[in-house]
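Input: a single structure, listed below in C-alpha cells.
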Amino acid sequence: MKIRLVYTPSIIQEPLIAEIILETGAKININRADIGAVSGEMVVDVPEDKYNRVVRLFRDKGLKISLLHQPIFRDDARCIACGICTLICPIGVFTIEEDWSISLEAERCIQCGVCVAVCPTSALALSEGEV
Amino acid sequence: MKKTIDEINERIKDGSVAVVTADRMSEIVSELGPQKAFEEVDVVTTGTFGAMCSSGAFLNFGHSDPPMKLVDVWLNDVKAYGGIAAVDLFIGATQASRSRGEVYGGGHVIEDLISKKPIDVFARSPGTDCYPRKELETTIQIDDLNQAIMLNPRNAYQRYAVATNSTERMLDTYMGPLFPNFQNATYSGAGELSPIPNDPNFDTIGIGTRIFLCGGEGYIIGEGTQHNPRGHFSTLMVTGDMKGMNPEFLRGASFKNYGPTLYIGIGVPIPILNEKIAENTGVRDEDLLTDLLDYGIQRRDRPVLAKVSYSDLKSGEIEVEGRVIKTYPLSSYSLAKKVADTLSDQIKRGEFFLSESVKPLSTTMVQNPMRETKEHPLVMDVMVQDVITVKEDYNVQQVAKTMVDGQITHVPVVSNEGKLVGMLTAWDIAKMVAQGREALAGEIMTRKVLTADLDEPVELAARKIEKYNISALPIVNSENRVIGIITGDMISRLIGRGR
C-alpha cells in the first residue's frame, strides 16, 4: 500500500526507515523522496500485512502520513487518449491498449508528476491522499 | 461504371446508402478488389484528431455603446488580433495567455467558447470621433457573439514527419518530449484513417467539400498553407460555425516548453464515384511512408534518418540501422476513429449530405523556404581561430599560466593526438586553488563538451550557451580537432555592435 510521508528536514539525520524496517521486518520500498528547506516528502510502498504497525511507527516519529489509495487521477472528459503519458511515465503506469484506449494502473503511480506536466490537455492530477 | 454525388445523396435520403470507415474500406478493397468495393460502397468516412497549431477563429462581438474600435484585445487574457474593423477579432490557437503563460492559450479560449463557458474580454483603443470609447471590460459566452467562425489555415496534414533526438539532451518540442540518444520517436496522424491519404489526387476533395469539423458542419475552403502535394504533405484550409460544434471533438492543449495549441477532430467523406477512387480509399498503413527526422538538429532542413510506415509506427517500435526506437503517438487514434464513426452514423441517419466541390485542390503547388534579405552571421564569421589548448597531463599551475598568458577564461583540453577530450574554465582552476588541491587537467575537466559547427548561425550557438548555462563552445572538424572557439563574451560584443 502506498503512503505519502511529509517530514521536517531535520529528520533525515536519523536512519529512520532503516530502524522501522529492522523493527518490523517490513520490506518498505521507497518510490520517491524529495527534501526542501522547510519540508520533505516521500512516497513509500508498505506490505499490507505490516501496514498498521509501520504507519504507527512513522506517526510516532512525527511524520505526517496520507494514504494514497489512488495516487493519480485522470479526467476522462479531458483525456484524448493521445499516448504521451505512456512515453513519459518512468513506471509504466499507462498502457496503450489494442483499441487505442489508454489504461491506467493508478495504484502503481509514485507521484513523480512528470505526466502531469507533459499531458497536453491537463487531464492528469496527483491525489493529495487521505490523512 | 460511375456514380454521382446526387445519386449518393438520394441514397442518403432514402436510407439505402452504404457507408464504411476508411480502415474498414482498406480491408474491403484488399478482400474484394476495387471494382467490387466500388459497387458495394457509396461513401468512405475518414477521420483524424491531432494537434493543429494553424487554427483559429473569427469572432464578431456586435457594437458597444458608446462604440469602440477593439484594437488591443484580450480574451481570458489571451491576445486576439484586432486589426480588422471595429468589432471583428481573430483569436489564434497558439497565442499564450499573458498572465498564465504556456498552460493556457488561444486553443483553450476556443474550446471554452464551444463549451459555452464565460470568457472575460478586456479591450483598449486610442479612441476616434466615430469610435470614442477607449476601454472596455465585459464577460461574454458564445451565444452572445453574432458570429463565431472557426477558420483554420492549415489542418489535417496528409502525413507528418516522425520526430526523434540524436543529442545527449532531452528536448521539449511540439512533437512532445524527445529523450536523448534516439530513446523514443513521436508521430502524429491517423495513417490509413486520415482524410487526404484516402484521396491523394483530390478526385473528390476540393473547395466546397462539406466535412465534419469538431462535431459540427464545416467546409474545405482551399489548400491549406504549406500544401505540398508533390512531397505528399498536402493540407486543408477549413472553416465551420463554432456554434454547431461539440467540445468532445476538440481540445485546447499545451505542450511543455512549447506552448498552447488546439487538438482538432476532422472527418472528410469520400464519395466512391468510380473504381479508381475506391482503389485509393483502399490505402493501408503499410503503404503510407513518412520521414524520421532528427529534431536534435535545430535547422530548417533536418536530415531524414529513415522512411517508416504508419504500420511500423503503430506497432510501437521502429528499427533504424539496427537500432530499435520506441514510437509513441501524439494524435489520438481512438478519437480519430470516433470522428469517422460519428460521420458515418450521421450519413446513415440522413443527417449529413455530400457536396460537390467547385474546384479540386492543387496537385502541383510548390513551397519555398523563406527569403531572407539580411545576412545572419555564422559561427565561422565570429569564432577565434587560433585556439589555445592544454594537454590532459597539464597540472593546475600550467593550465592557470596558459590562461593568463593567453588572456582567456576557457581552454579546450586535447589529447596527444590533438583531439578534443574536455573543457576547463577559470572557475575550475579557481576551485582547485581555493581547496589547495593538486590535479591534472584530465582529472578535473568537463568531459561532455557541447560543440558548435562552422556553418551554424551564431544565434543557435548563443541559444546553446544560454540554455545549458555554459560560457564557451569549441568548434571541431570531422576528426574532432579543435579549429575554433566561440564564447558568450564574443556573442555579447556582436550584439553590442548592433549586429
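Here is the naming used below: chain letters follow the sequence lines, and residue numbers restart at 1 for every chain. These numbers were taken from a predicted model, which means no experiment stands behind them.
For a residue to count as touching a neighbouring chain, one of its non-hydrogen atoms must lie under 4.5 Å from one of that chain's; by this rule B:Glu111 touches chain A with the side chain only. Heavy atoms closer than 4.5 Å to chain A are found in the side chain of B:Phe179, but not in its backbone. The part of B:Thr186 that comes within reach of chain A is its side chain, from C-beta onward, which places non-hydrogen atoms under 4.5 angstrom from that chain. Neither the backbone nor the side chain of B:Met175 comes within contact range of chain A; no heavy atom of the residue lies under 4.5 Å from a heavy atom of that chain. For B:Lys314, the parts lying under 4.5 angstrom from a heavy atom of chain A are both the backbone and the side chain. Contacts between A:Ile102 and chain B at a heavy-atom distance below 4.5 Å are absent for every atom of the residue. At a 4.5 Å heavy-atom cutoff, the contact between B:Ser331 and chain A is made by backbone atoms alone.
A donor atom on one side chain and an acceptor atom on the other are found under 3.5 Å apart for B:Asn76 and B:Tyr104. No hydrogens or angles considered: nothing links the side chains of B:Asp312 and B:Ser315 as a donor-acceptor pair under 3.5 Å. Inspection of the B:Asp294 and B:Ser166 side chains reveals an N or O donor paired with an N or O acceptor under 3.5 Å.
The structure places OG1 of B:Thr290 at 11.0 Å from OH of B:Tyr157, a figure rounded to the nearest 0.5 Å.
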Item to complete: For B:Asp77 and B:Ser99, run side-chain hydrogen bond (donor to acceptor under 3.5 Å, both in side chains): C-alpha distance rounded to whole Å, both residues' side-chain angles, the deciding distance at 0.1 Å, then the answer.
Response: CA-CA 7 Å; B:Asp77 232 12; B:Ser99 52; 2.6 Å; yes
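Side-chain contact check for A:Tyr7 versus A:Ile35: some heavy-atom pair is nearer than 4.5 Å. Contact of the B:Tyr263 side chain with the A:Cys82 side chain is registered, since non-hydrogen atoms from C-beta on lie closer than 4.5 Å. No side-chain heavy atom of B:Val20 sits under 4.5 Å from any side-chain heavy atom of B:Glu27. The side-chain heavy atoms of B:Tyr328 and A:Ile88, taken from C-beta on, include no pair separated by under 4.5 Å. The closest side-chain heavy-atom distance from B:Leu313 to B:Ile318 is below 4.5 Å.
A donor-acceptor pair is defined here as one N or O able to donate and one able to accept, closer than 3.5 Å; such a pair exists between the side chain of B:Thr46 and the backbone of B:Val268. Remark: side-chain polar atoms of B:Thr167 are paired, donor with acceptor, to backbone N or O of B:Arg169 under 3.5 angstrom.
Contacts between residues 69-79 of chain A and chain B, counted as heavy-atom pairs separated by less than 4.5 Å, involve A:Ala77, A:Arg78, A:Cys79. Near-neighbour residues of residues 15-26 of chain A relative to chain B, defined by a heavy atom under 4.5 Å from a heavy atom of that chain, are none.
The neighbour count for A:Glu14 CD, taken as heavy atoms of other residues, nucleotides or ligands under 6.0 Å away, is above 12.
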